[in-house]
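Only heavy atoms go into these numbers, but all of them, side chains included; no hydrogens, no water, no symmetry mates. Chain naming here is simple, since letters A, B, ... match the order of the sequence lines and numbering starts at 1 in each.
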Amino acid sequence: MPEGKFCNKTPITTDEQLKATLGDKGGKQYYEEMNHLDVDSDKLWASIQKTMKSRTKTWLEICAHCGLCAESCFLYQVNGRVPEQVPSYKIQSTLGVMVKKKGKVDNEFMQMCMETAWSKCTCCNRCGMYCPHGIDMGVMFSYLRGLLYSQGFVPWELKIGSGMHRVYRAQMDVTTEDWVETCEWMAEENEEDWPGLEIPVDKEGADIMYTCNAREPKHYPEDIAEAAILFHVAGENWTVPSEGWEQTSLSMFAGDWECCKDNVLNVYAALERLKPKRAIGTECGHAHRATVIEGPYWAGRPDGQPPVPYIHYVEWLAEALREGKLKIDPAKRIKEPVTLQDSCNYVRNQGLKDVTREIISYIVEPGYFVEMAPNKEHNYCCGGGGGFNGIGKYREQRNVALRKKRDQILDTGCKLVIAPCHNCWDAIRDLEEEYEIGIRWSFLKPLVIGMLDVPKHLLPPEE
Amino acid sequence: MYDFLTGPMLWLTFAVSFGGLLVRAVMYVKGLSWQLDRVAYRPHMKYGIRGGVRSILAFIIPFKARLWRTRPGFTLIFFAFHIGLLVTPVFLEAHNVMLQNALGFSLPALPTGVADGLAWVCLVGGLFLLLRRIAFPEVRIITTFYDYLLLVISVLPFVTGLIARYEMGDYNFWLAAHILSGEIWLLALPFTKLSHVLLFFMSRMQLGMDYGIKRGGMKGTDMAW
Ligand code: SF4
Ligand code: SF4
Ligand code: SF4
């Protein structure tokens with residue numbers, strides 16, 4: 001059973017392995033080794049038997065092969081409507097065959113499955129809303145990804161991504177020290193403009209525990225500062241944990257379920273340690289899905305809820321605006337056509353469609369908000385979901401996928417797109433880079449800070 | 001032959017068909033797993049039932065779900081086919097006479113003209129479903145021999161029934177063929193994809209519960225299916 005040095009069935013669990021795999025630029029050797037990786041059919045079949053319950057079994061069995069799901073998938077639409085992109089075909093020809101053959105499949109088949117699972121589906125769950133039988137391909141592809149991961153057939157970046165989560169409990173190599181330092185640094189940096197600004201670490205019994213996406217401390221520390229400023233202006237009693245602050249889960253996209261559980265338990269441990277009244281996550285879709293929507297199940301919480309009420313940033317922001325904790329200066333509202341990207345991971349997965357529009361009603365001058373069509377729970381994926389954004393091997397396919405969002409945005413005629421999801425934000429940035437349609441994009445935090453009506457006592461003393 | 005088909009064979013068919021479907025329903029529910037499905041069925045039963053019922057209704061009422069509105073032509077054919085398939089045999093006068101003789105009660109019967117019409121609708125609908133499998137690449141690629149076979153099993157009772165009804169050829173032969181094909185259809189229900197007569201409701205209910213509990217229902221925002 002030849003397993004490669006980088007491409008094998010063992011997850012990355014040490015810093016050395018991580019660095020070594022990272023050193024294999026672009027995964028050249030990794031993918032070469034994958035060509036020789038054996039399939040452990042017995043293990044594959046055993047795990048299918050153990051984990052494939054009525055829901056998936058029935059879905060595979062009763063699919064009427066009616067093709068009604070075809071048009072619901074944006075990847076089918078942007079790829080010239082080739083039949084190979086029909087959701088039902090994608091799952092029947094991969095998972096369906098794997099089950100039929102009782103796991104007796106070969107390397108070539110597994111590589112085809114890998115390509116399908118990670119480059120032909122973003123787990124956006126849209127097709128599930130359009131299948132008369134209620135067959136949700138996004139769910140099934142997540143399941144297939146788990147099977148593929150356990151056999152070592154996973155894109156290089158995601159093997160590393162889940163390794164990061166295993167080693168650092170963060171999607172990037174941000175250590176506890178790095179994180180705490182970044183918080184201190186950001187508080188200092190902004191103290192002059194916002195007297196009294198703090199980022200309290202490990203405060204027990206606060207009203208709010210804030211968690212974020214590791215990209216923030218790593219690449220956009222100003223995002224943490226912005227969160228701090230808004231909590232500060234709103235007068236919130238809040239804190240961040242020194243451990244358990246990272247709520248994203250590349251392991252969820254990689255199909256590394258063990259790692260998903262470990263990470264979410266780490267966040268929940270922080271909740272139990274600091275005992276906040278509730279938790280608030282940053283502007284990120286998949287992070288919310290991982291910690292709040294799916295996380296409780298990985299952690300084995302029978303009520304399907306996190307240990308304390310845990311909400312998405314848009315929910316807190318809407319509440320703060322509604323209750324007047326944050327006030328908008330009407331003169332500074334957005335007065336240009338602006339549109340909103342609904343993130344599948346909290347709209348189709350948790351119904352947060354109206355709160356985002358409530359925020360819009362406060363920050364956009366009436367008449368300037370333009371909806372994308374379709375929108376809300378019928379909205380299309382940004383094009384880079386489910387890990388698609390980060391996989392070099394499938395960059396070309398990802399760029400094609402971006403066309404749907406490009407066209408949707410072009411149709412609105414807006415030059416400004418609000419994207420309260422890290423991954424959507426990235427995808428929209430990439431689509432501008434790739435297609436140059438002349439748009440700008442933004443998270444909510446900087447927009448809101450720019451139009452705040454700040455009480456005098458919170459402003460720096462005038463010279 | 002006639003006596004056998006409408007006597008012991010019929011009872012056996014009913015027993016296997018309905019018994020089999022019942023077993024499938026029980027197995028389905030037993031095979032749900034809150035942790036693997038990631039739906040907290042039990043603790044949030046009320047939200048779940050609500051979501052499940054919404055989800056079923058959206059898809060059994062023509063043009064209610066967005067899917068149905070996006071393809072009006074297909075929706076018409078689809079519903080006509082299914083209504084014909086289910087309503088005709090249950091309310092057919094001839095069937096109810098048999099029911100009366102066997103069990104001493106009967107259901108209201110359809111006027112002959114309506115019953116004939118429904119049977120034809122079913123046949124034409126079936127033909128359209130067959131043609132679209134061949135014509136559209138997105139359907140062709142997922143269609144297998146099995147799909148055609150099931151379509152044939154489903155419409156065969158109507159073909160034979162109409163031939164007998166118009167008394168073309170040997171009436172007794174076609175009557176026996178009709179009964180037999182009806183029994184084959186019933187027997188196929190629990191063992192083939194035709195099990196969707198029941199599993200459709202189970203699967204829709206399940207996804208509806210998923211949406212009602214985890215994906216929005218508890219946030220007070222119902223999904224617009
Ligand atoms: S719409 Fe549903 S039943 Fe029809 S082919 Fe697609 S997955 Fe199968
Ligand atoms: S989940 Fe999304 S990307 Fe995947 S098949 Fe369905 S619609 Fe397409
Ligand atoms: S990145 Fe945003 S739009 Fe794309 S799949 Fe994720 S949540 Fe959906």
Side-chain angles (χ1 to χ4, degrees), chain A residues 50-59 61-72 76 81-86 88-89 92-93 125 128-136 139 143 293-294 296-298 300-305 315 347-355 374 376-378, chain B residues 24 27-40 42-44 55-56 59 65-68 70-71 74 78 129 132-133 136-144 146-147 193 195-196 199-200 202-208 210-211 213-225:
Chain A
K50 216 169 77 203
T51 54
M52 206 176 89
K53 302 281 179 172
S54 346
R55 166 155 101 159
T56 317
K57 242 195 231 154
T58 309
W59 278 347
E61 188 187 341
I62 66 170
C63 169
H65 298 163
C66 63
L68 290 178
C69 49
E71 198 59 32
S72 69
Y76 171 76
R81 296 190 160 72
V82 291
E84 289 76 17
Q85 285 279 1
V86 173
S88 167
Y89 176 78
Q92 298 283 348
S93 59
N125 303 95
M129 292 200 70
Y130 288 82
C131 165
H133 280 309
I135 299 175
D136 194 326
V139 169
Y143 176 68
I293 312 173
E294 314 261 343
Y297 297 94
W298 300 333
R301 301 183 59 86
D303 65 351
Q305 303 291 327
E315 296 178 273
V347 171
R348 212 163 7 255
N349 277 287
Q350 216 197 14
L352 300 181
K353 54 182 170 180
D354 299 329
V355 275
K376 299 184 181 170
E377 63 271 69
H378 294 284
Chain B
R24 297 217 61 167
M27 303 263 288
Y28 185 92
V29 176
K30 280 183 98 170
L32 290 174
S33 153
W34 68 271
Q35 201 168 357
L36 288 173
D37 300 346
R38 302 204 277 283
V39 187
R42 246 176 250 273
H44 305 297
S55 145
I56 291 176
F59 283 85
R66 186 181 167 111
L67 166 78
W68 300 134
T70 55
R71 321 167 154 259
F74 176 83
F78 175 87
L129 292 182
R132 84 182 268 287
R133 287 209 177 279
F136 299 144
E138 79 270 23
V139 197
R140 193 164 55 223
I141 190 167
I142 41 185
T143 298
T144 61
Y146 182 50
D147 295 307
K193 214 192 280 187
S195 55
H196 78 261
L199 293 179
F200 161 83
M202 314 295 283
S203 163
R204 269 256 69 97
M205 184 79 193
Q206 194 284 327
L207 195 68
D210 189 345
Y211 275 82
I213 290 171
K214 184 181 70 180
R215 300 208 222 170
M218 290 180 69
K219 287 280 177 188
T221 46
D222 286 329
M223 290 287 157
W225 284 107

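- Residue B:I142 touches chain A through both its backbone and its side chain, counting heavy-atom pairs closer than 4.5 Å.
- Neither the backbone nor the side chain of B:F136 comes within less than 4.5 Å of any heavy atom of chain A.
- One distance of note links CD of B:E138 with OH of A:Y89; it measures 14.5 Å at 0.5 Å rounding.
- With a 4.5 Å cut-off on non-hydrogen atoms, A:Y76 touches chain B through its side chain but not through its backbone.
- In this structure, chain A has a heavy atom under 4.5 Å from the side chain of B:D147, while its backbone stays farther away.
- If you measure heavy-atom distances from B:F59 to chain A, the contacts under 4.5 Å come from the side chain alone.
- For A:E84, the parts lying under 4.5 angstrom from a heavy atom of chain B are both the backbone and the side chain.
- For the pair A:L68 and B:R71, the minimum side-chain heavy-atom distance is below 4.5 Å.
- Heavy atoms closer than 4.5 Å to chain A are found nowhere in B:R42, neither backbone nor side chain.
- Heavy-atom distances place both the backbone and the side chain of B:A224 under 4.5 Å from chain A.
- When heavy atoms are compared at a cutoff of 4.5 Å, B:D222 approaches chain A solely by way of its backbone atoms N, CA, C and O.
- Summarising the geometry of B:Q35 relative to A:Y297, their closest heavy-atom pair is NE2-O, 2.8 Å, with the distance given to 0.1 Å.
- Side chain of B:K214 to main chain of A:N349: no donor-acceptor pair is present (N/O by atom type, distance under 3.5 Å, no hydrogens or angles).
- At a 4.5 Å heavy-atom cutoff, the contact between B:Q206 and chain A is made by side-chain atoms alone.
- Annotation: side chain of A:Q305 is in contact with side chain of B:H44 (closest heavy-atom distance under 4.5 Å).
- Salt-bridge check for B:R24 with A:E61: passed, with a basic side-chain N closer than 4.0 Å to an acidic carboxylate O.
- Here NE2 of A:H65 is found 15.5 Å from CZ of B:R140. Values are rounded to the nearest 0.5 Å.
- Judged by distance alone, with hydrogens and angles left aside, the side-chain atoms of B:T221 form no donor-acceptor pair with the main-chain N or O of A:L352 at under 3.5 Å.
- Using a 4.5 Å cut-off between heavy atoms, B:M205 makes no contact with chain A at all.
- Residue contact with chain B, scored on non-hydrogen atoms closer than 4.5 Å, involves the backbone of A:R301 exclusively.
- Here the CZ atom belonging to B:R215 is positioned 4.5 Å from the CG atom belonging to A:N125, to the nearest 0.5 angstrom.
- Checking side-chain atoms of B:R38 against main-chain N and O of A:W298 turns up no donor-acceptor pair under 3.5 Å.
- Neither the backbone nor the side chain of A:C69 comes within contact range of chain B; no heavy atoms are under 4.5 Å apart.
- Looking only at side-chain heavy atoms (C-beta outward), A:E377 and B:Y211 stay at 4.5 Å or farther from each other.
- For A:T58, the part sitting under 4.5 Å from any heavy atom of chain B is the side chain, from C-beta outward, and nothing else.
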